[in-house]
Amino acid sequence: MKRPWRKYVIVFFGLIAAYLLFALAASLLPDGPILRHAAQTTQRADLQTDFAFAISCRPAYYMDNFTDALIVNQACSGGRENLLTSILLVPRADGGGEQCNNLLRLTEGDTTLTTQHYGRYWHGSTFLMRFLLLMGDYVTLRTLFFILSTLLMVCVVVALFRRCGLAATLLLALALAVVNVFIMQFSIQLLPVLLLALIGSLDVLNRVKRPGQLSLLLFVLGSLTAYFDLLTCPMLTWGIPLCVYLIMQQRHPLPAPFLHRLKDWVTASLLWVVGYGATWVTKWGIATLLTGENVISDGAAQLAVRAGASVDYSRLDALTRNLDLLPWSFISITLIILAALALWRFNRQGWPTALLCLLTATVPLAWYIVVADHSYLHYWFTYRSLAVTVMALFFALASLVDWRRVSFHLKTHGTHS
């Protein structure tokens with residue numbers, strides 16, 4: 001009898017082993033060049049203050065220098081304790097106050113700084129930063145981040161254009177633009193979820209042909225998200241590849257009834273959740289077992305806090321605070337145009353994809369309600385999960401448009417004129 005779950009178990013433990021080996025390799029790197037490049041970062045006009053904005057002093061344009069400085073701090077602090085502690089508890093130098101100032105004091109050799117642990121996350125971005133800081137300071141690395149993510153976006157745009165046409169390509173680009181994706185391109189705090197979402201989308205466009213392949217991909221993406229991300233906008237690594245898969249199915253439909261497609265959607269989404277949650281909880285267990293520090297208790301307590309609300313704000317407040325950061329005028333105009341096109345040239349075969357896209361659009365909204373405390377307090381970066389909602393709404397209406405008839409009409413009208 002076939003046991004498909006075995007494949008997921010093997011993949012999962014393979015990923016956990018890879019995470020530990022990656023952290024070990026990063027921790028064994030020489031600290032000298034890393035500290036030198038971190039010092040250069042603090043001397044240049046970068047990571048000078050926790051409170052920095054791009055373009056406009058509004059929450060939607062906030063640069064998360066606080067967490068970026070914390071990650072660089074952790075990348076420099078591995079030598080403060082033993083190897084096992086560095087890998088599993090991820091120490092950092094702390095003096096209270098701004099993280100950028102803590103980083104500056106660390107690079108200047110301030111001996112009054114205390115050591116703090118941050119063991120409930122895997123901190124894959126911290127270990128990645130140790131490798132990157134061998135090459136240069138953070139100003140240089142931010143340029144590298146931008147170039148790499150831009151090239152990936154170009155690859156996704158070209159592949160999507162070839163598979164699904166111009167309309168889907170423009171709608172994906174617009175959905176990323178309304179959440180100010182360029183800020184994510186300059187931040188090691190936000191970059192991993194963007195890169196994983198783009199790589200996952202490329203995999204969907206170039207390799208994924210069957211629902212089982214999508215399920216395995218989302219399972220792996222969920223696990224990688226838990227490894228690299230610090231609870232920023234993890235929904236992107238689930239929703240963007242899934243949206244791309246749904247719109248690609250619309251253009252290249254599989255002979256499957258709607259209920260089968262709904263079952264595939266549920267299975268793939270649940271496997272993302274399993275990969276994400278199991279990877280996170282596994283870190284708590286490993287760290288508690290091997291270090292003696294009760295990371296399980298800390299993680300569970302923080303999870304309860306992050307999922308709670310407050311007397312000062314409700315779960316609905318967490319949702320609306322994130323929604324308020326979107327440029328709804330541009331989004332509404334796009335939705336109205338798509339709705340008009342659907343009424344003009346309706347595609348009745350598109351309703352299954354439209355329903356699945358609408359279902360996809362609701363999930364980030366539910367996330368804000370469930371993880372209310374975190375979503376309310378950190379709305380200036382958590383709102384970016386709404387790229388999934390916007391993209392799914394765009395694709396839902398686009399799937400109801402008969403684009404061939406629209407194209408034919410435009411060509412015929414252009415010829416007659």
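Using a 4.5 Å heavy-atom cutoff, the side chains of L214 and D264 are not in contact. Counting heavy atoms from C-beta outward, C243 and F394 have side chains that stay 4.5 Å or more apart. Side chains of Y368 and T320 form no contact here, defined as non-hydrogen atoms less than 4.5 Å apart.
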With a 3.5 Å cut-off and sequence neighbours excluded, list the donor-acceptor pairs that the side chains of residues 147-161 form with protein atoms.
unit_1, atom_1, unit_2, atom_2, d
S149, OG, F145, O, 2.8
S149, OG, F146, O, 3.2
S149, OG, Q185, NE2, 2.8
T150, OG1, F146, O, 2.7
T150, OG1, Q185, NE2, 2.9

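Annotation for F131: atom CZ counts as buried by contact number, over 12 foreign heavy atoms lying within 6.0 Å. Heavy-atom contacts from other residues, nucleotides or ligands closer than 6.0 Å to CZ of F13 number 12 or fewer.
Using bins of under 30°, 30° to 60° and over 60° for the plane-to-plane angle, the ring pair Y276/W272 lands in the parallel bin. Between F381 and H378, the ring planes are parallel. Angles under 30° get that label, and only those over 60° would be called perpendicular. Using the six-membered ring where Trp is involved, Y19 and Y227 have ring planes that are parallel, under 30° apart on the 30 and 60° scheme.
Side-chain polar atoms of Y379 and D317 form no donor-acceptor pair below 3.5 angstrom. Side chains of T232 and D229: a donor-acceptor N/O pair is present below 3.5 angstrom, by distance only. Between S269 and W238, the side chains place a donor N or O and an acceptor N or O closer than 3.5 Å (distance only, hydrogens not considered). With 3.5 Å as the limit, one finds a donor-acceptor pair spanning the side chains of T382 and N322. Inspection of the S86 and N82 side chains reveals no N or O donor paired with an N or O acceptor under 3.5 Å. A donor atom on one side chain and an acceptor atom on the other are not found under 3.5 Å apart for R36 and T107.
Looking at every heavy atom in both residues, T126 comes nearest to A75 through CG2-N, 3.7 Å. In plain terms, the two heavy atoms of S385 and M235 that are nearest each other are OG-CB, 3.6 Å. Between W380 and L325 the shortest heavy-atom distance is CA-CD1, 3.9 Å. Closest of all the heavy-atom pairs between P241 and V204 is O-CG2, 3.8 Å. Nearest approach of R315 to V370, heavy atoms of both residues: NH1-O, 3.0 Å.
Geometrically, R58 does not engage F53 in a cation-pi contact defined by less than 6.0 Å to the ring centre and at most 45° from the axis.
For F66, the ring-ring contact (aromatic ring centres under 6.0 Å, His included) test picks out no residue, with sequence neighbours left out.
With hydrogens and angles disregarded, a donor-acceptor distance shorter than 3.5 Å links the side chain of Y383 to the backbone of V179. Under the 3.5 Å distance criterion, the side-chain polar atoms of R142 are matched with a main-chain donor or acceptor of F186. Of the possible polar contacts, none joining the D137 side chain to the H37 backbone as a donor-acceptor pair under 3.5 Å is found. Without hydrogens or angle criteria, R120 side chain to V295 main chain gives no donor-acceptor distance under 3.5 Å. Between the side chain of W328 and the backbone N or O of L323 there is at least one donor-acceptor pair closer than 3.5 Å. Checked by atom type and distance alone, the side chain of N102 pairs as donor or acceptor with a backbone atom of G95 at under 3.5 Å. With hydrogens and angles disregarded, no donor-acceptor distance shorter than 3.5 Å links the side chain of S187 to the backbone of D64.
To the nearest 0.5 angstrom, T291 atom OG1 is 8.5 Å from H117 atom NE2. Taken to the nearest 0.5 Å, the CD1 atom of I188 stands 6.0 Å off from the CD1 atom of I71.
For the side-chain hydrogen bond (donor to acceptor under 3.5 Å, both in side chains) criterion with Y138, the lone passing option out of T143, T41, D68 is D68.
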Task: Residues D110, R105; criterion salt bridge (Lys or Arg N to Asp or Glu O under 4.0 Å); working and verdict - done: CA-CA 5 Å; D110 189 334; R105 292 169 62 185; 2.8 Å; yes
